[in-house]
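Only one structure is covered here, and it is reproduced in the block below.
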Amino acid sequence: MLDQIHWLAAVTVLGVLEQAYFFLQVIYARRLFGISPPKISGPPEFERIFRAQVNSSEYFPIFLALLWQAGLFFHQGLAAALGLLYLCARYCYFMGYKASSSERLAPMYFSAGVLWILIAVSALGILHFFLSHHVGLNILQLLTA
């Protein structure tokens, strides 16, 4: 079983570490700009870092669910590769947003595209599972015949 999920687990740990890095960036920005919790407003530089972290955190559960569904029902290697692409895009998103709100757009669209691909492969994998286990229809055999 573990040989079927080890790449998913590794990407999950990397994602958690990335989230921790984003959280630390907010802490450092709070210290730099003298903004104590629970305040969330301040100079634009702080607000961009804060929003980048919050936005990334909001999408993280969606990413994890899709990563694991795609990996378990479709293909672990493809899901892990897409997961790495997503994490790289979110890092670029964070760094771009930190620099300027306009620099976040390209990585944001790219990461959204990766999520849509994960949705598609998850749905295909789950559909294949239901059809083969509950209807007795194996789509892969039909396509290769």
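As the structure is a prediction and not an experimental result, all values here were calculated from the model. Residue numbers run from 1 in the order of the sequence given.
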Given Val135 and Phe130, is the side chain to side chain contact (heavy atoms under 4.5 Å, CB included) satisfied, shown in steps? CA-CA 7 Å; Val135 180; Phe130 277 120; over 6 Å; no
Could you see if Val26 belongs to whatever hydrophobic cluster contains Ile40? Use Ile, Leu, Val, Met, Phe, Trp, Tyr and a side-chain cutoff under 4.5 Å. yes
Spacing of Leu85 atom CG and Leu118 atom CG [to the nearest 0.5 Å]: 9.5 Å
Which ring-ring contact (aromatic ring centres under 6.0 Å, His included) pairs, counting each pair once, include a residue from residues 87-121, with sequence neighbours left out? Phe22-Phe94, Tyr93-Tyr97
Does Ile126 reach the side chain of Gln69, with side-chain heavy atoms less than 4.5 Å apart? yes
Please check if Val121 and Trp7 belong to a single hydrophobic cluster, counting links between Ile, Leu, Val, Met, Phe, Trp and Tyr side chain heavy atoms closer than 4.5 Å. no
Contacts table for residues 11-19: side-chain donor-acceptor under 3.5 angstrom, sequence neighbours left out:
residue	atom	partner	partner atom	Å
Thr12	OG1	Leu8	O	2.8
Thr12	OG1	Trp68	NE1	2.8
Gln19	OE1	Ser57	OG	3.2

Could you give the side-chain donor-acceptor pairs of residues 28-37 under 3.5 Å, partners two or more places apart or in another chain?
residue	atom	partner	partner atom	Å
Arg30	NH1	Ile35	O	3.3
Arg30	NH1	Lys39	O	2.7
Arg30	NH2	Lys39	O	3.0

Quick check against the 3.5 Å criterion: does Ser56 have a side-chain atom that pairs as donor or acceptor with the backbone of Gln53? no
Hey, is the main chain of Leu131 close enough, under 3.5 Å, to the side chain of His134 for a donor-acceptor pair? no
Do Val54 and Ile27 sit in the same hydrophobic cluster, where Ile, Leu, Val, Met, Phe, Trp and Tyr count as joined when their side-chain heavy atoms come under 4.5 Å apart? no
Here the pair of heavy atoms bringing Glu103 nearest to Pro107 is O-CD, 3.6 Å
Donor-acceptor list for residues 77-84 side chains, cut-off 3.5 Å, not counting sequence neighbours:
none

Single-linkage hydrophobic cluster Leu67~Leu87, side-chain heavy atoms < 4.5 angstrom: yes
Measure the shortest side-chain to side-chain distance between His128 and Asn138 over non-hydrogen atoms and say whether it is less than 4.5 angstrom. yes
Looking at Gln25 and Ile49, would you say the former's side chain and the latter's main chain have a donor-acceptor pair under 3.5 Å? no
Under the side chain to side chain donor-acceptor pair (under 3.5 Å) test, which residues partner Ser122, sequence neighbours left out? none
Hey, could you give me the CG/CZ distance between Asn55 and Arg104, rounded to the nearest 0.5 Å? 8.0 Å
Report yes or no: does Arg51 contribute a side-chain atom to a donor-acceptor pair with the main-chain N or O of Arg48 at less than 3.5 Å? no
Quick one: list whatever passes side chain to side chain donor-acceptor pair (under 3.5 Å) with Glu47, sequence neighbours left out. none
Taking all non-hydrogen atoms of both residues into account, name the closest pair between Asp3 and Gln76 and its distance. O-NE2, 3.3 Å
Is there a path of hydrophobic side-chain contacts, each under 4.5 Å between heavy atoms of I, L, V, M, F, W or Y residues, that connects Phe46 with Met95? yes
Got a sec: does the CZ of Phe60 have more than 12 other heavy atoms crowding it under 6.0 Å? yes
Set out, in order, the CA-CA distance, both residues' side-chain angles and the distance that settles side chain to side chain contact (heavy atoms under 4.5 Å, CB included) for Arg90 and Phe63, then state yes or no. CA-CA 11 Å; Arg90 285 318 272 193; Phe63 162 68; over 6 Å; no
Hey, could you give me the CZ/CG distance between Phe74 and Leu124, rounded to the nearest 0.5 Å? 6.0 Å
